[in-house]
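A quick note: this is a predicted structure, and the numbers were derived from the prediction, not measured. Naming convention: chains lettered A, B, ... in sequence-line order (proteins, then strands); numbering from 1 in each chain.
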Amino acid sequence: MLDNLGDWKRSDACADLRQDDDNREVLLMGWVHRRRDHGGLVFLNLRDRSGICQVVIDSEDACILEKVKHIRSEFVLAVKGRVRLRPDGMRNAEMPSGDVEVLVEELRILNASKTPPFPIESVVQDEVSDEIRFKYRYLDLRRHEMQERMIFRHDIVRAIRDFLSSEGFLEIETPLLIRSTPEGARDYVVPSRLQQGCFYALPQSPQLYKQLLMVAGYEKYFQMARCMRDEDLRGDRQPEHTQIDMEMSFVSEEEIFAVVESLLQHIFKTVMGQDLPGSFLCLSYAEAMDRFGTDKPDMRFGLELVDLSEIAAASTFNAFKSVVESGGRVKGIRVPGAATFSRKQITELEDLAKHFKAKGLAWMKVTEEGLSGGVSKFFADAPGEAIAQAMELEVGDLLLMVADTPQVAAVSLGAVRSRLGAQLKLTEPGDFRFLWVHRFPLFEWNEDHQRWDAMHHLFSMPCLEDIDKLESDPGQVHGQLYDLVCNGVELASGSIRIHRRDIQERVMAVVGIDKAEAEERFGFLLGAFDFGAPPHGGIAPGLDRLLMVLDGGSSIRDYIAFPKTLKGTSPMVGSPSPIDDEQLKELGLEIRGE
RNA sequence: GGGGGCGUAGUUCAGCCUGGUUAGAACGCCUGCCUGUCGAGCAGGAGGUCGCGAGUUCGAAUCUCGUCGCUCCCGCCA
């Protein structure tokens, strides 16, 4: 029943046919999207990458009729025929090629298809489980919606390469089989056959290599770098992802910001056909935490956190007073018009706050008669007026408050803010608010191990004014560290790097790496610093996340052709899988059961 | 590592709380009819290890325990 392609050559893409093509002889190839059989008259929607065209079988030819009888969804056809205008009233305005159709003169069935497990349509996105979509990824990718996403990805990658090349960046590849470094994320590890008992690691990022390229004098480097991290996954985290890895010599933070801003403007202009504002907002980490309770605030809406500690201390509410007296803070957010919230809605928000370790979520409503409900009885008269003034309360507002350690108060209320943004639909598709967050602490205290860890990585430069505190007060040292945030999603992280051995050794000492260990593990880097390493810095925007945010998507899995599940598996190819004893033996490995 | 949700026909789901006929619906699929459909229409039909295992019970899709898979969140992710 199947035909060979023979000498047939495709003349047009399905969706490209227009009225101008009337009476042209064309040869289309594609998949049967849908079949409408009227007995003597059969319509097929033929689909290729470009889209859909209607072909009509209105033939006496017994050979064609016999073939058509067997044609089903997703059969692969080659169709020779003549374009003709559709009769009046039969045109389809929904379809780009809807003014015309192709009357079939010859037909070849290039391949048959089983009935697909789900229809090759856009509704699949919301209606078919990810499990099935993953297992039949090649069918999921056949859907127009997914093809558009892959094309979007291609367009953006191309725009990035064009722009960075024109700015003098060189794309240079770095190894995938590298040395394992214990700190940071867990490494994916590859056993060595030639050096038994030794392992390569897959890169979490090309960090050290790009720094070495700066030492080597390449000045501006970029790479579409695959990065692998063996950590637990999320909707916006895959075991392997792609970063637009960049590094520059002789630059300040501001210059790196400017390059990334220009890059994004170029992307917006060339791929999305939009203009993006000149330079992005910039907040310090401390200010972001203080005002939004997160280091990646969504700037599309307000609902800022306000510090109410002094006022709360003056109230008659002992729960608040004691928190403030013991060094904690009280923070509040005003939710305009939310006085209509039910008790249940408020309890849901409280549960969320408790999820982030808050002990409770205090609330008051603003009515014509003043503050009411919740904890309002503790805020009679002066404290109540002070709060109304500090929060700029208006009738109909809801005030939500958390009293706790500064960290918990900010983070828990920040989570409430973020939930409210979604719940009250304060964001609009197509609205992009980019934001730089910088001056992160260089170190954070690790309670479990009772030691300081690098917040970003070991190679970030301290802010110059804090360098003297490296040994005396590491917690107070800020780093020349920065994140790029858009709409509440962290899109990039970067830093100015350390380029001097003395400073690098001091930073390593803070996290407990002495000179001997530093030499053993990072000797190649320190050695490179001895040969005239230039000041340098860089940044690495996550490509998959960037695509998701720009496209208004909800999972980076939709922007990766072959992603993995949250457990790091691929139901399609069945990875990871055991390897046979022969392979294990060659590698000198033995599997120990439980 | 911890917590939540889901798992029933090819697909998406209902049924489960309160155990008891032959486990339903929609779409899809198959057969027939049909010359202007575009989610074609009409008539008929097939299709189920109720994720898997154990337990309770006269009787389990339904209750209990375990387990596997997908997913969301916390931890983790420099």
Side-chain angles (χ1 to χ4, degrees), chain A residues 33-46 52-60 69 72-74 84 86-95 97-98 101 103 114-136 139 181-187 204-205 207-208 227-239 241 351-352 354-357 411-412 415 419 440-444 446-448 452-460 479 481 483 490 493-495 497 507 511 540 542 554-555 557 564-569 571:
Chain A
H33 189 64
R34 215 179 286 279
R35 165 200 162 96
R36 292 178 294 280
D37 187 347
H38 289 234
L41 180 71
V42 180
F43 298 99
L44 297 177
N45 281 355
L46 195 66
I52 288 172
C53 179
Q54 171 165 289
V55 304
V56 190
I57 295 103
D58 186 5
S59 173
E60 304 284 301
K69 222 168 86 183
R72 293 291 182 275
S73 287
E74 300 310 313
R84 68 181 187 191
R86 295 201 197 178
D88 284 340
M90 305 301 164
R91 301 188 171 189
N92 186 341
E94 307 287 305
M95 215 186 274
S97 65
E101 62 192 8
L103 182 65
K114 293 208 281 191
T115 302
F118 51 80
I120 311 301
E121 286 169 1
S122 61
V123 291
V124 164
Q125 182 74 30
D126 302 315
E127 291 189 1
V128 177
S129 70
D130 288 334
E131 210 168 341
I132 302 288
R133 288 179 61 199
F134 278 137
K135 186 169 175 195
Y136 300 96
L139 294 181
T181 52
E183 65 281 320
R186 200 175 291 112
D187 281 325
Q204 299 175 25
S205 82
Q207 182 60 36
L208 294 175
C227 303
M228 292 68 129
R229 294 170 191 176
D230 187 7
E231 293 292 345
D232 289 356
L233 307 173
R234 291 287 162 75
D236 62 351
R237 262 192 245 156
Q238 281 277 304
H241 71 286
D351 290 343
L352 177 68
K354 283 178 173 171
H355 215 84
F356 290 85
K357 301 205 177 73
V411 169
S412 61
R419 169 74 60 87
F440 283 82
L442 196 58
F443 304 104
E444 60 190 341
N446 184 326
E447 271 298 326
D448 294 343
W452 291 103
D453 282 344
M455 181 115 164
H456 186 55
H457 56 54
L458 279 174
F459 315 106
S460 297
L481 289 164
D483 280 1
E490 180 194 312
S493 282
S495 64
R497 326 295 183 189
V507 166
V511 301
S554 55
S555 170
R557 280 170 247 152
K564 302 214 169 25
T565 68
L566 287 189
K567 290 276 167 63
T569 67

Separation of rG10(B) atom C1' from I132(A) atom CD1, nearest Å, is 9 Å

note: D232(A), atom CG; rG4(B), atom C1'; distance rounded to Å ~ 16 Å

Check your understanding: Which value, in whole Å, describes the distance between the P atoms of nucleotides rG55(B) and rU62(B)?
Key -> 14 Å

Salt bridge (charged side-chain N to carboxylate O under 4.0 Å, His left out) filter on D37(A), not counting sequence neighbours, yields R35(A)

Residue set satisfying ring-ring contact (aromatic ring centres under 6.0 Å, His included) with H355(A), at least two apart, ordered chain then number -> none

Using the P atom on both, measure rG10(B) against rC73(B) and round to a whole Å.
31 Å

Rounded to the nearest 0.5 Å, the CD1 atom of I120(A) sits from the CG atom of L139(A) at a distance of 4.5 Å

For F134(A), which contact category applies under a 4.0 Å heavy-atom criterion: base, sugar-phosphate, or nothing? sugar-phosphate

The reported gap from CD in Q204(A) to OG1 in T181(A) (rounded to nearest 0.5 angstrom) is 5.5 Å

**Asked** How far, in whole Å, is rA60(B) from rC50(B) if one measures between their P atoms?
**Response** 12 Å

Reading nucleotides 27-39 of chain B from 5' to 3' and marking B where a protein heavy atom lies under 4.0 Å of the base, S where only the sugar-phosphate is that close, and - otherwise, the string is --SSS--BBBBBS

Q | Under-4.0 Å side-chain N/O to phosphate OP1/OP2 contact, S129(A) with rC70(B) | A | no

Output for pair (T565(A) OG1, K135(A) NZ), nearest 0.5 Å, gives 14.0 Å

**Message:** Would you measure the distance from the C1' atom in rG47(B) across to the matching atom in rU31(B) and give it in whole Å?
**Reply:** 14 Å

By the Watson-Crick or G-U definition, both distances under 3.5 Å, rU64(B) is matched with rA54(B)

Taking the same atom, P, in rA9(B) and in rG45(B), what whole-Å distance lies between them? 22 Å

Ranking rC70(B), rU11(B), rC72(B) by distance to the side chain of R557(A), first place goes to rC72(B)

Worksheet item: When you compare rC6(B) with rA14(B), how far apart are their P atoms, in angstrom units rounded to a whole number?
Response: 9 Å

Under 4.0 Å, counting only non-hydrogen atoms across every strand here, what does S460(A) touch: a base, just sugar-phosphate, or nothing? nothing

Phosphate contact (rC70(B) OP1 or OP2) by T569(A) side-chain N/O below 4.0 Å: yes

Legend entry - rC27(B) versus rC38(B) - spacing of their P atoms, nearest Å: 15 Å

Would you kindly check whether a donor in the side chain of R237(A) faces an acceptor in the base of rC77(B), or vice versa, at under 3.5 angstrom?
-> yes

Using a heavy-atom cut-off of under 4.0 Å over every strand shown, decide if I52(A) touches base, sugar-phosphate, or nothing.
nothing

C1' spacing across the pair rC34(B) / rC16(B), given as an integer number of angstrom: 44 Å

If the cut-off is 4.0 Å, is R234(A) near the phosphate of rG75(B), judged by side-chain N/O to OP1 or OP2? no

